[in-house]
Amino acid sequence: MFYWVMKRIFLGPVLKLLFRPWVKGLDNIPADGPAIIASNHLSFSDSIFMPLMVRRPVVFLAKSEYFTGTGIKGRLTALFFRLTNQLPMDRSGGAASAASLTAGMEVLLHGGLLGIYPEGTRSPDSRLYRGKVGVARLALQAGVPVIPVAMIGTDKVQPIGKRLPNIRRIGMIFGEPLDFSRYRDQAEDRDIQRKVTDQIMFELMRLSGQEYVDEYAAVVKLRLAGKAVEPAAAAEPLASPAADAGRGETSPGASQGTPQDMRKADDGGAAAAG
């Protein structure tokens, strides 16, 4: 009820008036049934603007730190995230991440829309980074389509570290659903998980026009901060990267290699419009 009231009566109309979001491809989201919405991640506000424009409720896997804050602000933040259909996602890898993705599976098994950021964290510099394979394993195990969505301009509205947003127009492009049902009996195969993830990232790159970096965003953030790279930063949810991750055989119709390699062979890379 809180989700609906905020979206339709209070927060939603105000945000639409101020930021005038434009949308392409909204009809690519199924009217019913389970699906994963995989998005690039430029800003904290991505989790607000995208569900605002989707007619159906979207349940997001959000970083667990949003749910564990202390003090009044921390408790209010946790309450807001719970009331707006967001679930805590432990990004430390291994069993913790597996438990988090199990919660996401429950959403899909009940016919819902699950929102995921395959990069695992916000981009530190507006480029698109290597995806983690949790999204692939969920899609393969649940047998659901993946709808890629490119968020446009949200990094200008609320850059990392900025509390108050800039008032400017933002947009989003929903791509056609990606069907990976041919791999469903190979859901535990790490090479297949990497192949599926790379195809999702290629579509995000194509839709957004972002430069692709074949490295995990969490690793880059630590390096930029002058900190040692912790194993958890490069951890894959539920599975480790393949030995030659992202450079094996691609699915039919796609070029071989990383999303960056694929882009060079793609004649119609869609740049962000609007």
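What you see below is based on every heavy atom in this structure, not just the backbone, and it leaves out hydrogens, waters and symmetry mates.
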By side-chain contact (heavy atoms from CB on, under 4.5 Å) - contacts of Ala217 (at least two apart): Thr121, Pro124, Tyr129
Check whether [X] and [Y] end up in the same hydrophobic cluster, where Ile, Leu, Val, Met, Phe, Trp and Tyr are linked by side-chain heavy atoms less than 4.5 Å apart.
X: Ile170; Y: Val149; result: yes
X: Ile192; Y: Met105; result: yes
X: Met53; Y: Val14; result: yes
X: Leu224; Y: Val213; result: yes
X: Ile160; Y: Val220; result: no

Any pair counted as ring pair (Phe, Tyr, Trp, His ring centres under 6.0 Å), so long as it reaches residues 135-171, sequence neighbours left out: none
So which heavy atom on [X] is nearest to which on [Y], and how close?
X: Ser126; Y: Gln210; result: O-NE2, 3.0 Å
X: Ala136; Y: Val196; result: CB-CG1, 3.7 Å
X: Thr197; Y: Val135; result: OG1-CG1, 4.3 Å
X: Pro145; Y: Pro34; result: CD-O, 3.7 Å
X: Ala142; Y: Arg184; result: O-NH2, 3.7 Å
X: Leu178; Y: Pro148; result: CG-CD, 4.2 Å

Atom [atom1] of [X] and atom [atom2] of [Y]: how far apart are they, to the nearest 0.5 Å?
X: Gln158; Y: Phe19; atom1: CD; atom2: CZ; value: 8.5 Å
X: Gln199; Y: Met201; atom1: CD; atom2: CE; value: 12.5 Å
X: Leu204; Y: Met151; atom1: CG; atom2: CE; value: 11.5 Å
X: Leu101; Y: Gln141; atom1: CG; atom2: CD; value: 9.0 Å
X: Lys7; Y: Leu15; atom1: NZ; atom2: CG; value: 12.0 Å
X: Arg223; Y: Lys227; atom1: CZ; atom2: NZ; value: 14.5 Å

Quick one: are [X] and [Y] in side-chain contact, heavy atoms under 4.5 Å?
X: Asn166; Y: Lys156; result: no
X: Asp27; Y: Ile29; result: no
X: Phe49; Y: Met172; result: yes
X: Leu114; Y: Ile37; result: no
X: Leu138; Y: Leu140; result: no
X: Trp22; Y: Ile173; result: yes
X: Ile147; Y: Pro30; result: yes
X: Leu207; Y: Asn40; result: no

Partners passing salt bridge (Lys or Arg N to Asp or Glu O under 4.0 Å) against Asp179 (at least two apart in sequence or in another chain):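 Applying salt bridge (Lys or Arg N to Asp or Glu O under 4.0 Å) to Asp179 gives none.
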Partners meeting salt bridge (Lys or Arg N to Asp or Glu O under 4.0 Å) with Glu119 (sequence neighbours left out): none
Pair Glu188-Gln193, side-chain hydrogen bond (donor to acceptor under 3.5 Å, both in side chains): steps then yes or no: CA-CA 7 Å; Glu188 303 304 319; Gln193 291 171 10; 4.7 Å; no
Candidate pair Val107 and Leu61, rule side-chain contact (heavy atoms from CB on, under 4.5 Å), full reasoning: CA-CA 10 Å; Val107 173; Leu61 290 178; over 6 Å; no
May I ask you to decide if [Y]'s main-chain N or O and [X]'s side chain share a donor-acceptor pair within less than 3.5 Å?
X: Arg127; Y: Glu211; value: no
X: Lys132; Y: Tyr117; value: no
X: Lys221; Y: Ser123; value: no
X: Arg122; Y: Asp155; value: no
X: Ser208; Y: Ala150; value: no

Leu128/Phe202 under side-chain contact (heavy atoms from CB on, under 4.5 Å): CA gap, chis, key distance, verdict: CA-CA 10 Å; Leu128 184 69; Phe202 171 67; over 6 Å; no
CA sep, side-chain torsions, deciding dist, call: Trp4, Ile9, side-chain contact (heavy atoms from CB on, under 4.5 Å): CA-CA 8 Å; Trp4 186 90; Ile9 300 177; 3.7 Å; yes
Under 3.5 Å side-chain donor-acceptor pair for Thr154 and Asp46: yes
Audit row: Asp214, Tyr212, side-chain hydrogen bond (donor to acceptor under 3.5 Å, both in side chains) steps and yes/no: CA-CA 7 Å; Asp214 193 26; Tyr212 177 76; 3.1 Å; yes
Asp191 bridged to Lys195 by N-O distance under 4.0 Å: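 The answer is no: the pair does not qualify as a salt bridge.
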Listed once per pair and sorted, the side chain to side chain donor-acceptor pair (under 3.5 Å) pairs that draw on residues 9-19, sequence neighbours left out: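 Sorted pair list comes back empty.
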By ring pair (Phe, Tyr, Trp, His ring centres under 6.0 Å) - contacts of Phe174 (at least two apart):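 With neighbours one apart ignored, the set is empty.
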Glu106, CD: over 12 other non-hydrogen atoms inside 6.0 angstrom: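 Atom CD in Glu106 is packed in, count exceeds 12.
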